[in-house]
2 protein chains.
Amino acid sequence: MSEVDLRDLTEVDRLIHEPARLVITTILYTVKEADFTFLQRESGLTKGNLSSHLSKLEEAGYITIRKQFLEKKPQTLCAMTKTGRKAFEDYRDQFNQIMKHINGV
Amino acid sequence: MSEVDLRDLTEVDRLIHEPARLVITTILYTVKEADFTFLQRESGLTKGNLSSHLSKLEEAGYITIRKQFLEKKPQTLCAMTKTGRKAFEDYRDQFNQIMKHINGV
DNA sequence: ACCTTATGGTTTGTATTACAAACTAGTTTG
DNA sequence: CAAACTAGTTTGTAATACAAACCATAAGGT
């Protein structure tokens, strides 16, 4: 078993595969909730890119975005959904197989 | 050492990161030379996509494309260059680190 | 009071892309 | 000689990833 079919790679979840979002989802997978500025510091992305990547993850149902004011300043809080965690785990598992294949060359 | 900075992920070589090309380069890394139809069978890509991905890899200097006639039929032979092998190895090494990070969550 | 700067973002513009579908060129088969 | 097969390339298009411009509010400086 575990016959890794390289062709499966072309069906990898591109929403997570995209490097910027892989950074974001990896961070969000490990913390219950993270705010925009924290994510920006950790990811190194510009505000604009971070904003649009977060929107895409939200549209896909992978994260939830909650907005509030903290000490008179706007705050955007992001958290992974169950769907998002599952997608991340699937991607991780699939890519582990791929890397096993690649390393086993 | 080996402090994996997740942010480095955003600088990953997208020419190889793209799933279709990761399939192609993984195949080409293991064989000295492969023809178009073999690559198509192995990758599961359509001719059109395979053709354009190969062109991109060639433009990047990652592979060489050689054309000849075999039994009156055109044959396109692809082989990885030294540059391509290096790029593939760099990608592999970098992504192994990333996956270690992701798995170590 | 009013500029300037800082904070925390979103929207817009653009060049690149990845894919499918259409096309090309030559060959074999009926 | 027409239809179908082989081996690809080119074209059209919708989606993308990024940067740059923009917006709103708050806080300081003078």
Side-chain angles (χ1 to χ4, degrees), chain A residues 6-28 33-60 62-79 91, chain B residues 6-28 33-60 62-79 91:
Chain A
L6 206 51
R7 276 168 299 200
D8 294 348
L9 187 44
T10 57
E11 284 150 32
V12 80
D13 186 346
R14 286 176 131 84
L15 220 66
I16 295 190
H17 189 61
E18 156 63 32
R21 285 187 302 258
L22 186 48
V23 171
I24 297 170
T25 53
T26 298
I27 295 169
L28 288 179
E33 199 169 42
D35 69 12
F36 191 95
T37 48
F38 173 79
L39 284 174
Q40 210 210 321
R41 263 199 322 280
E42 293 293 305
S43 67
L45 295 167
T46 63
K47 294 163 191 290
N49 288 335
L50 179 55
S51 178
S52 59
H53 284 306
L54 289 176
S55 295
K56 258 166 209 183
L57 291 170
E58 188 188 27
E59 282 162 34
Y62 286 6
I63 67 169
T64 55
I65 301 183
R66 193 163 59 90
K67 281 153 194 303
Q68 65 179 23
F69 278 83
L70 183 66
E71 286 156 14
K72 294 184 179 173
K73 282 168 191 167
Q75 192 187 31
T76 298
L77 292 157
C78 306
Y91 175 87
Chain B
L6 205 50
R7 276 167 299 198
D8 294 346
L9 188 44
T10 57
E11 285 151 30
V12 81
D13 185 347
R14 288 176 129 83
L15 220 65
I16 294 189
H17 190 60
E18 157 62 30
R21 284 187 301 260
L22 186 48
V23 171
I24 296 169
T25 54
T26 299
I27 295 170
L28 288 179
E33 198 168 45
D35 69 12
F36 191 94
T37 48
F38 172 79
L39 284 173
Q40 210 211 320
R41 262 198 323 280
E42 293 294 303
S43 68
L45 295 167
T46 63
K47 294 161 192 287
N49 289 335
L50 179 53
S51 178
S52 60
H53 285 306
L54 289 176
S55 294
K56 261 170 205 178
L57 291 170
E58 188 187 27
E59 282 163 33
Y62 286 6
I63 67 169
T64 55
I65 300 184
R66 191 163 62 88
K67 280 154 194 303
Q68 64 179 24
F69 277 82
L70 183 66
E71 288 156 14
K72 296 186 178 171
K73 281 168 190 166
Q75 191 186 32
T76 299
L77 290 158
C78 307
Y91 175 86

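In what follows, every heavy atom counts, from backbone to side chain, and hydrogens, waters and symmetry copies are set aside. First the proteins, then the strands, lettered A, B, ... as listed; each starts at 1.
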Roughly, in whole Å, what's the span from CG in Asp13(B) to P in dT17(C)? 12 Å
Hey, does the side chain of Thr25(B) reach the backbone of Arg21(B) with a donor-acceptor pair shorter than 3.5 angstrom? yes
Assign each of Ser52(A) and Asn49(B) to its nearest nucleotide of DNA chain D by heavy atoms, then name whichever residue's nucleotide is nearer the 5' end. Asn49(B)
Could you tell me how far apart His17(A) (NE2) and dT17(C) (P) are, to the nearest whole angstrom? 15 Å
Between the side chain of Ser43(A) and the main-chain N/O of Leu39(A), is any donor-acceptor distance below 3.5 Å? yes
Would you mind reading off the distance between Leu15(A) atom CG and dA15(D) atom P, rounded to a whole angstrom? 14 Å
Lys67(A) side-chain N/O to dA24(D) phosphate OP1/OP2 under 4.0 Å: no
Does Ile16(A) reach the side chain of Tyr62(A), with side-chain heavy atoms less than 4.5 Å apart? yes
Out of dG9(C), dA27(D), dC18(D), minimum distance to the side chain of His53(A) belongs to dC18(D)
Rounding to an integer number of Å, can you tell me how far Leu77(A) CG sits from dG8(C) P? 12 Å
Separation of atom CD in Glu11(A) from atom C1' in dC19(C), rounded to whole Å: 14 Å
Gln75(A) CD to dT10(C) C1', in whole Å, measures 17 Å
Distance test, side-chain N/O of Arg14(B) to OP1/OP2 of dA17(D), below 4.0 Å: no
For the side chain of Lys72(A), counting heavy atoms from C-beta on, which of dG9(C), dA27(D), dG8(D) is nearest? dA27(D)
Of the nucleotides dT16(D), dA7(D), dG8(C), which has the atom closest to the Lys73(A) side chain? dG8(C)
Just checking Lys47(A): base, sugar-phosphate only, or nothing, at a heavy-atom cut-off of under 4.0 Å? base
Give the nucleotide from the list dC18(D), dT17(C), dG8(D) with an atom nearest to the side chain of Arg21(B). dT17(C)
Rounded interatomic separation in angstrom, taking CD from Glu58(B) and P from dG8(D): 13 Å
Mapping Leu45(A) and Glu71(A) to their closest nucleotides on DNA chain D, which lands nearer the 5' end? Leu45(A)
Could you work out which one of dG8(D), dC18(D), dG9(C) sits closest to the side chain of Glu18(A)? dC18(D)
Check every strand shown and say whether Gln40(A) touches a base, only sugar-phosphate, or nothing at a heavy-atom separation below 4.0 Å. nothing
Nearest-nucleotide comparison on DNA chain C, the residue closer to the 5′ end among Thr76(A) and Thr46(B): Thr76(A)
When the distance from CG of Leu70(B) to C1' of dG26(C) is rounded to whole Å, what number comes out? 15 Å
Under 4.0 Å between any heavy atoms, over every strand shown, what does Ser51(B) touch: base, sugar-phosphate, or nothing? Just pick one. base
Ionic contact status for Glu18(B) with Lys56(B), cut-off 4.0 Å: no
For Lys67(B), is there any backbone N or O sitting under 3.5 Å from a side-chain donor or acceptor partner on Gln75(B)? no
Without swapping roles, check the side chain of His17(B) against the backbone of Tyr91(B) for a donor-acceptor pair under 3.5 Å. no
